[in-house]
Amino acid sequence: MGWIGESIESVKSMKIRDSLFQFITLGMIVSSALIIWKGLMCITGSESPVVVVLSESMEPGFQRGDILFLQMSKDPIRTGEIVVFNIQGRDIPIVHRVIEVHEQRQSGEVRILTKGDNNDVDDRMLYAQGQFWLKQEHIMGRAVG
């Protein structure tokens, strides 16, 4: 039984070795994806450098399922730019065009109004209750590609 016992132990150790190798490979893939994501966050200045369009509100410019690359810069947001914003109480970011920008001269606060290209009215109904404008902190990034 010496030869058979050695063969069985060899097979068992190969299974453990293969499983360990697969686990390490999976860990390297996941950590590489995380490193790339965090690197993109640093380069673009956006907390979410890539988003997917989830509705038809920006048609015909963007179709449902399109992937957008975002960047957040220090430049002031201007009318006509496409931005991605988050509303308090909602988990899913929204991709729409800026239609009005108001800057308070005394405080320097910027108020932004958005609208989907395919929508008839502005986004005030999408904002949190009692909120009529977006502020800079709501903006996650600007679509750059």
**Study point:** Leu126, Leu113, Val84 screened by side-chain contact (heavy atoms from CB on, under 4.5 Å) with His96, the one that passes
**Key:**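 By the side-chain contact (heavy atoms from CB on, under 4.5 Å) criterion, His96 pairs with just one of Leu126, Leu113, Val84: Leu126.
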
According to a hydrophobic-cluster definition based on side-chain heavy atoms being under 4.5 Å apart (Ile, Leu, Val, Met, Phe, Trp, Tyr only), do [X] and [Y] belong together?
X	Y	answer
Val51	Ile94	no
Val52	Met58	no
Val144	Val50	yes
Ile99	Ile139	yes
Ile87	Val101	yes

Check your understanding: Which residues, ordered by chain and number, are linked to Leu26 in its hydrophobic cluster, where ILVMFWY side chains connect at heavy-atom gaps below 4.5 Å, directly or through other members?
Key ->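 Members besides Leu26, by chain and number: Val30.
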
Non-hydrogen atoms of [X] and [Y] that approach each other most closely:
X	Y	answer
Glu59	Asn118	O-CB, 3.5 Å
Val95	Ile82	CG1-CG2, 3.8 Å
Ala143	Leu68	CB-CD1, 4.4 Å
Ile112	Tyr127	O-OH, 4.0 Å

Neighbour count >12 (heavy atoms, 6.0 Å) for atom [atom1], [X]:
X	atom1	value
Ile67	CD1	no
Glu137	CD	yes
Ile92	CD1	no

Point to revise | Inter- and intrachain pairs under salt bridge (charged side-chain N to carboxylate O under 4.0 Å, His left out), touching residues 62-79, at least two apart | key: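 Non-adjacent pairs meeting salt bridge (charged side-chain N to carboxylate O under 4.0 Å, His left out): Glu56-Arg64.
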
Check your understanding: How far apart are the C-alpha atoms of Val83 and His138, what are their side-chain angles, what is the distance that settles it, and do they pass the side chain to side chain contact (heavy atoms under 4.5 Å, CB included) test?
Key -> CA-CA 10 Å; Val83 296; His138 295 114; over 6 Å; no

Practice item. Please identify each residue that fulfils side-chain hydrogen bond (donor to acceptor under 3.5 Å, both in side chains) with Asp117, with sequence neighbours left out. Key: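 Partners of Asp117 under the side-chain hydrogen bond (donor to acceptor under 3.5 Å, both in side chains) test: Arg97.
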
Check your understanding: Going by heavy atoms in the side chains, are Met72 and Met41 under 4.5 Å from each other?
Key ->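 No, their side chains stay 4.5 Å or more apart.
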
Review point. Any side-chain heavy-atom pair from Val110 and Trp133 closer than 4.5 angstrom?
Key: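 Val110 does not reach Trp133 side chain to side chain.
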
Exercise for review: Enter the distance from Thr25:OG1 to Leu20:CG here, rounded to the nearest 0.5 Å.
Suggested key: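 With rounding to 0.5 Å, OG1 (Thr25) is 9.0 Å from CG (Leu20).
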
Check your understanding: How long is the span from the CH2 atom in Trp37 to the CG atom in Leu40, to the nearest 0.5 Å?
Key ->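 Reported value, rounded in 0.5 Å steps: 7.5 Å.
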
**Study point:** His102 backbone acceptor or donor facing Arg111 side chain under 3.5 Å
**Key:**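 Not a single qualifying donor-acceptor pair exists.
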
